[in-house]
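A short worksheet on the structure shown next.
Chain letters run A, B, ... following the sequence lines, proteins first, then strands; residues in each count from 1. None of the values given here were measured: they were computed from a predicted structure.
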Amino acid sequence: MPQSKGQKNTIIWFRKGLRVHDNPALIEACRDAQHVYPIFIIDPHFLHNSSYNSSYKVGVNRYNFLLECLTDLDQSLRALGSQLLVLRGTPQDVFPRIFKEWDVQQLCYEVDVEPYAKSRDAAVGQLAAAAGVAVSASVSHTLYDTDVLLRAAGGRAPQTMQAFTKLIDKVGDPPAPLPAPASLPPPGPVAEAVTSVPTLTEVGYQQQPTTVFKGGESQALVRLGDYLADAKWVCAFEKPKTDPSAFVRPATTVLSPYLKFGCLSPRLFHARLMAVYRGAKGVHSKPPVSLRGQLLWREFFYTVGSTTPNFDAMAGNPLAKQIPWDTNPAYLAAWKAGRTGYPWIDAAMRQLSEWGWMHHLARHSVACFLTRGDLYISWEAGKAVFEELLLDADHFLNAANWMWLSASAFFNQYYRVYSPVTFGKKYDPEGKFIRRFVPELALLPTKYIYEPWTAPLDVQQRCGCIIGKDYPFPVVDHTTISKVNMGRMKAAYEANREAAGAAAAAEAGSDADGSSDAEVLPASNSSSRRKAAAGAAAAAGGSRRRPAAVAKRGGAAAAAKKQRTVTDMFAAAAVTAAANGNGVAAGVAAACGVDAGDAVVPEL
DNA sequence: GACTCCGTTGTGAAG
DNA sequence: ACTTCACAACGGAGT
């Protein structure tokens, strides 16, 4: 590593990777440099009041977490003889100006494979080229360079964790983490205005954060050390067995927000973890359930996500089942606000709003409830809510997990449905979690805590919580609706098989002119297309000569029509029940503070 | 190409 | 407290 007195002026551009440890871009920026300018750009793209893209809303908790990360990074850089320079504006506006002002020769940053980041970096790359500035991008947000993994996989990312784990075994250990630099060449003279991290108010937030988690690399390293110090716990860790209701000390590490912003290097996490495993003489849990397995899940979803078109949407996503979800702004608003009338679901959703975090299995519960389990609302709507509220909201992981839970991709056993009543009860029979996050239910006897609508009125009165007034009735009847939805999922799966079969047939029938619409259809590989073709043939009554498109239209439409009728009948029954004082649909109105029929601005 | 295997994390009843 | 089963039965990956 040459330490000669440098001549270059370089910029290290922090976006994620908000750390000084294991930061190859930072090391590169220091090489042969006279001045290193460490910058962060407050990009309006990510601001909640952005005029650029209103779908990229960032909740106050996450934005505050980011500002804490920046303050911490600034302190670390000052200890190394430098400081963070915070700039405002779009990167496209900022760079041409500072390239010139600071007489820059090189720009260094960490590779970011998210769609927005890729287009942003491509645009900045052109500006750099125009200004005669060399660009150096280093991989350190993931364990591996996703391109390397993709090549090792033969050009196609695995779609199962098993196959991905095999790939990792083949590729071997990830690169070792790098130490932080001992010191940094100082930046040259800069305007005073760019040397301070802004406050929440300055970037336009009115509210105060409510989370219990604090951002920054130092926090991340303390938390990592804290959890890894318990070698017994680390070696026994099996995520499916952890407790989603634990909140005094969460049952998982809560390192995800730090990985999201790059306060913590996944490679450092991995290396420290392997050291703990070695100390335990090889007796430890294994992927996919182990702690190391969690890092591999992250890697898996980055790999498949960054190489799949439209991975964050249903339409045009070759991995996602095309499912005709309902649009129901009132249900969506009730879910987001934690007012579905199911205390377990509502406690989790309110923990999300308050803390910006919930346990993985709680995420499963609420995601299943919103989509295939109960409300039958698109996973994209749920994803948008998580994207706003989670501290650890991560583009690929969020999309992948929502597809998983909605049985749109990766996971297909749609008939396995989480109960909004009994799932939580297994872990927390007393309802401590509910009492903490849904305080209006705090005094309810344990017997009724998961199903408060079953409490006699005198009990409700004694506890100061009248159902339908202080806390809503359930928006849907889970037992009934989950069965209806299972039927709708079955029909949707059939329709997808038929569509894939039609595509396969069209593909086989066309003279390889490539003009079929096969590319946009869900089944992405030949094996499932074949199966789908067989399914389509069967659906067409064995008549292989019948045009596939006809089979598709007929079958899918009939199935959809039938299911719509069933759902409408249920909805009508619910309204009738409400009119009779049963309160199921009335609960929706109470939950939202509006009539059930009123339009609430949808999330998407 | 047909077939089997099995998948990080379902529920509820029965034995 | 544990296992096993029906529920209704998916699809990727490997043989």
Side-chain angles (χ1 to χ4, degrees), chain A residues 153-154 156-167 236-246 251-252 285-301 304 308 318-321 323 344 348 358-369 371-374 397 400-401 403-427 429 450 478-498 500-501 504 508 522-535 537-538:
Chain A
R156 188 168 167 269
Q159 282 183 60
T160 65
M161 183 56 172
Q162 271 191 357
F164 184 77
T165 305
K166 275 185 199 164
L167 176 66
F237 185 91
E238 291 184 36
K239 196 163 75 184
K241 292 187 182 163
T242 57
D243 177 359
S245 72
T252 52
S285 53
K286 297 275 183 342
V289 296
S290 66
L291 217 40
R292 176 168 175 262
Q294 305 318 301
L295 284 172
L296 297 189
W297 277 102
R298 177 175 182 272
E299 205 73 11
F300 170 41
F301 287 143
V304 64
T308 302
L319 295 184
K321 291 262 184 333
I323 298 170
W344 168 252
M358 66 168 103
H359 185 275
H360 188 68
L361 291 177
R363 298 184 196 195
H364 277 218
S365 270
V366 302
C368 183
F369 187 88
T371 59
R372 65 189 166 86
D374 296 81
L397 310 192
N401 281 303
M403 282 190 271
W404 186 295
L405 263 299
S406 63
S408 296
F410 305 113
F411 174 85
N412 311 290
Q413 289 151 290
Y414 58 78
Y415 37 84
R416 293 189 183 172
V417 176
Y418 290 85
S419 163
V421 172
T422 57
F423 183 74
K425 213 185 258 182
K426 274 192 304 204
Y427 301 94
Y450 283 87
H478 171 72
T479 310
T480 315
I481 202 75
S482 61
K483 289 192 179 77
V484 172
N485 290 347
M486 233 180 259
R488 298 182 74 186
M489 287 298 287
K490 183 177 158 67
Y493 267 55
E494 272 169 24
N496 274 264
R497 272 196 301 273
E498 285 164 20
S524 61
N525 67 35
S526 58
S527 129
S528 61
R529 286 246 179 94
R530 278 197 303 277
K531 268 191 217 173

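Between B/dC6 and C/dA9, the two P atoms lie 22 Å apart (nearest whole Å). Nucleotides B/dT8 and C/dG14, compared at atom P, are 13 Å apart to the nearest Å. Spacing of C1' atoms, C/dA13 relative to B/dG1, comes out at 15 Å, to the nearest Å. Comparing the P positions of B/dG12 and C/dC10 gives an interatomic distance of 22 Å, to the nearest angstrom.
Looking at the side chain of A/K321, the nearest of the listed nucleotides C/dG14, C/dG11, C/dA9 is C/dG11. Between B/dT8, C/dA13, C/dC10, one nucleotide has an atom nearer to the side chain of A/N412 than all others, and that is C/dC10.
Around atom NZ of A/K286, more than 12 heavy atoms belonging to other residues, nucleotides or ligands sit under 6.0 Å away.
Atoms CG (A/L167) and C1' (C/dG12) sit 16 Å apart, rounded to a whole Å. What separates CE of A/M161 from C1' of C/dA13 is a distance of 16 Å, to the nearest Å. Residue A/Y493 contributes atom OH, which lies 12 Å from atom C1' of C/dG12 at whole-angstrom precision. Rounded to an integer number of Å, the gap from CZ of A/F300 to P of B/dT8 is 8 Å. Between A/L291 atom CG and B/dT8 atom P there is a gap of 17 Å when expressed in whole angstrom units. Remark: P of C/dA8 and NZ of A/K490 are 10 Å apart, rounded to the nearest angstrom. Rounded to an integer number of Å, the gap from NZ of A/K166 to P of B/dC6 is 12 Å.
Between A/P244 and A/W344 the shortest side-chain heavy-atom distance falls below 4.5 Å. In this structure, A/V289 and A/K241 have side chains that are not in contact, with every pair of non-hydrogen atoms separated by 4.5 Å or more. Contact check for A/L295 versus A/E299: no side-chain heavy atoms found under the 4.5 Å cut-off. Taking 4.5 Å as the limit, some side-chain heavy atom of A/K490 sits within range of a side-chain heavy atom of A/Y414.
Here A/Q162 lies in heavy-atom contact (under 4.0 Å) with sugar-phosphate atoms only. Across all strands shown, A/M486 has no heavy atoms under 4.0 Å from either base or sugar-phosphate atoms.
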Worksheet entry | Reading 5' to 3' through nucleotides 9-15 of chain B, protein heavy-atom contacts under 4.0 Å coded B for base, S for sugar-phosphate only, - for none | BBSS---
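C/dA8 is unpaired under the criterion used here, namely a Watson-Crick or G-U wobble arrangement in which both key atom distances are under 3.5 Å. Summarising the base pairing, B/dT9 is matched to no nucleotide, lacking a Watson-Crick or G-U wobble pair whose two defining distances lie under 3.5 Å.
Cation-pi geometry between A/K321 and A/Y493 is met: under 6.0 angstrom from the ring centre, within 45 degrees of the axis.
For the residue pair A/T242 / A/H359, a side-chain donor-acceptor distance below 3.5 Å is found, with atom types taken as modelled.
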